[in-house]
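Every chain is numbered from 1, with letters handed out A, B, ... down the list of sequences. The figures that follow rest on heavy atoms only: side chains count, while hydrogens, waters and symmetry mates do not.
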There are 2 protein chains.
Amino acid sequence: MKLTRRKLEIVSTAAKLFRKKGYNSVSMRDLAQALDIKAASLYNHISSKQEILAIIILEVAENFTEHINTVFPESINSVEKLESVIENHIQITVEKTNALACLNNDWMHLEQSDLESYLVMRNAYEAKMRNIIEQGIQQKQLQDRNIDLVLFSLLSTLRTLHLWYSKNKETSPQLMFEEMKQNLLHGIIR
Amino acid sequence: MKLTRRKLEIVSTAAKLFRKKGYNSVSMRDLAQALDIKAASLYNHISSKQEILAIIILEVAENFTEHINTVFPESINSVEKLESVIENHIQITVEKTNALACLNNDWMHLEQSDLESYLVMRNAYEAKMRNIIEQGIQQKQLQDRNIDLVLFSLLSTLRTLHLWYSKNKETSPQLMFEEMKQNLLHGIIR
DNA sequence: ATTTTAAACTAACAATCGTTAGTTTTGTTA
DNA sequence: TAACAAAACTAACGATTGTTAGTTTAAAAT
């Protein structure tokens, strides 16, 4: 997918607006105004509002997919895999805050094949995460718990970390990584 | 706030629809259709779409406020307070799944005094949670970590637990409570 | 049986939505 | 400088939005 400079400006401005109010609450006139042009002018660069949403979300989804595919077959133990996943979530949170928020909040407004692609990627991601956790339990590195709830506990925090980060942008990724590793893997009780 | 039977049906049907697609993606005609009446008929019972959203969200927000206000001054230690908070989140997740999802996803579409009330309640809630965590660290019951990130780690999972529950409705609140207590407080590592 | 009330209806409104067509401006290349 | 391409513009479209006015139907109270 080739993105011209202007198209990229449109997409990233859209991501910023979508994050704040949601896809359906941002009109093409809102988006145009943020770029200081008229709504009709947007269509010199993009084919539809839907296309903008798909570009934003699918790119981030592909980032997650690529990372889990590299970490999954590696011969490291499951805790190290989880740490790598945490690190990746933090990186995407920091580098693509707006797009990540769109993915979380507006994926259900994707249509047809884009929605299908997203769901395929999400399901595959969760299946691989589940696998890592199962492996960790088998190898006695993780506590023997309800796998689905462990999976959810991890992902719920990692997926919404952008909410915290957008109010704490001065925080270094390193600090976030160390703290979240502790909170998520070791808990908070002394 | 007095809610007639019919008004309650409208509000709870709205909550169900808002959860799936978001406030601004559900039209009054959509809502009316789900109730098998015409859109204009809704206005015999409610004054505006906004009113519906405010009723849904503020009621849940008040539930959270009430609970934290009872648990806060009690002379129990901070871990017991956190456990009580977890339990309350699970109860609301189970009993008011749709309304909780609306609160999470659509609070920013509240207007004026309703938005103001919501934010006041949310800020007070987070401040009290923060206080519990600080107390726990001082009393050496909790690890000495970044307080804001501990707070976020807990709340991010508790707030979005409805996402998991709506796909796992057969799970008992007791099981959820025990597992989440473990995951959130003690971590997942063996 | 008559009146009253509650809750549905039809029809329409002004505003806003995403998008298209056709035109003008701007900047680059020949 | 003339020609071309990129990117803006104005104007408008049909559809949909939340909501109002006025009317009819159904149920309850007198």
Side-chain angles (χ1 to χ4, degrees), chain A residues 1-58 102 105-115, chain B residues 1-58 102 105-115:
Chain A
M1 198 179 303
K2 51 187 189 280
L3 290 199
T4 64
R5 185 190 55 82
R6 193 57 168 154
K7 186 163 180 174
L8 220 144
E9 282 174 353
I10 291 172
V11 167
S12 88
T13 303
K16 201 186 308 180
L17 297 184
F18 292 168
R19 185 187 111 218
K20 283 202 192 110
K21 312 206 296 165
Y23 176 71
N24 267 314
S25 306
V26 176
S27 71
M28 293 303 274
R29 286 166 180 82
D30 291 336
L31 174 56
Q33 195 169 45
L35 289 155
D36 213 29
I37 60 177
K38 301 290 174 177
S41 307
L42 293 168
Y43 290 84
N44 284 316
H45 306 278
I46 52 103
S47 68
S48 69
K49 192 184 180 188
Q50 255 302 299
E51 190 203 358
I52 301 178
L53 185 67
I55 291 174
I56 294 171
I57 292 181
L58 293 183
C102 289
N105 302 328
D106 286 321
W107 63 266
M108 73 288 287
H109 299 120
L110 289 173
E111 287 173 4
Q112 299 148 26
S113 71
D114 292 326
L115 177 58
Chain B
M1 197 179 302
K2 49 183 190 281
L3 289 198
T4 65
R5 186 190 55 83
R6 193 57 168 156
K7 185 162 181 175
L8 220 144
E9 282 174 353
I10 290 172
V11 168
S12 87
T13 302
K16 201 186 308 180
L17 298 183
F18 291 169
R19 184 187 110 218
K20 285 204 190 108
K21 313 205 297 164
Y23 176 70
N24 268 314
S25 307
V26 176
S27 72
M28 294 302 274
R29 286 166 181 82
D30 292 337
L31 175 56
Q33 195 170 45
L35 289 155
D36 213 29
I37 59 177
K38 301 289 173 179
S41 306
L42 293 167
Y43 290 84
N44 284 316
H45 306 278
I46 51 103
S47 68
S48 68
K49 193 184 179 189
Q50 255 302 300
E51 189 203 359
I52 300 177
L53 185 67
I55 290 173
I56 294 171
I57 292 181
L58 293 183
C102 289
N105 303 328
D106 286 321
W107 63 265
M108 74 287 288
H109 299 121
L110 290 172
E111 288 172 5
Q112 298 149 28
S113 71
D114 292 326
L115 177 59

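Put simply, NZ on Lys49(A) and CG on Leu42(A) are 11.0 Å apart, with the number rounded to the nearest 0.5 Å. With rounding to the nearest 0.5 Å, the separation of CG in Leu58(A) from CG in Leu53(A) is 8.5 Å. Once rounded to the nearest 0.5 Å, the distance linking CD1 of Ile55(B) with CD1 of Ile46(B) reads 8.5 Å. Expressed to the nearest 0.5 Å, how far CD of Glu9(A) lies from OG1 of Thr4(A) amounts to 8.5 Å.
Consecutive pairing runs in DNA chain C reach the stem threshold at C:1-30 with D:1-30, where a stem means at least three Watson-Crick or G-U wobble pairs with distances under 3.5 Å.
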Original post:
Which letters describe nucleotides 14-19 of chain D, given B = protein heavy atom under 4.0 Å from base, S = only from sugar-phosphate, - = neither?
Top reply: ---BBB
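The shortest heavy-atom contact between Glu111(B) and Gln50(B) is N-OE1, 3.3 Å.
Classified by interplanar angle (parallel below 30°, tilted 30° to 60°, perpendicular above 60°), the ring pair Tyr23(B)/Phe18(B) is perpendicular.
With sequence neighbours excluded, the residues forming a side chain to side chain contact (heavy atoms under 4.5 Å, CB included) with His45(A) are Arg6(A), Ile10(A), listed by chain and number. Residues satisfying the side chain to side chain contact (heavy atoms under 4.5 Å, CB included) criterion with Leu115(A), sequence neighbours excluded, are Trp107(A), Leu110(A), Leu119(A).
For Ser41(A) and Asn44(A), the side-chain atoms include no donor-acceptor pair closer than 3.5 Å.
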What protein N or O atoms touch nucleotides 6-8 of chain D N or O atoms at under 3.5 angstrom, if any, and at what distances?
{"residue": "dA8(D)", "atom": "OP1", "partner": "Arg6(A)", "partner atom": "NE", "Å": "3.0"}
{"residue": "dA8(D)", "atom": "OP1", "partner": "Arg6(A)", "partner atom": "NH2", "Å": "3.1"}
{"residue": "dA8(D)", "atom": "OP2", "partner": "His45(A)", "partner atom": "NE2", "Å": "2.5"}
{"residue": "dA8(D)", "atom": "N7", "partner": "Asn44(A)", "partner atom": "ND2", "Å": "2.4"}

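Contact footprint of chain B on DNA chain C: nucleotides with an atom under 4.0 Å from a non-hydrogen protein atom, first to last in 5' to 3' order, dA7(C) to dA12(C).
A donor-acceptor pair is defined here as one N or O able to donate and one able to accept, closer than 3.5 Å; such a pair exists between the side chain of His109(A) and the backbone of Lys21(B). Side-chain N or O atoms of Gln33(B) include none that pairs as donor or acceptor with a backbone N or O of Ala39(B) at under 3.5 Å. Not one N or O on the side chain of Lys20(A) forms a donor-acceptor pair closer than 3.5 Å with the backbone of Val26(A).
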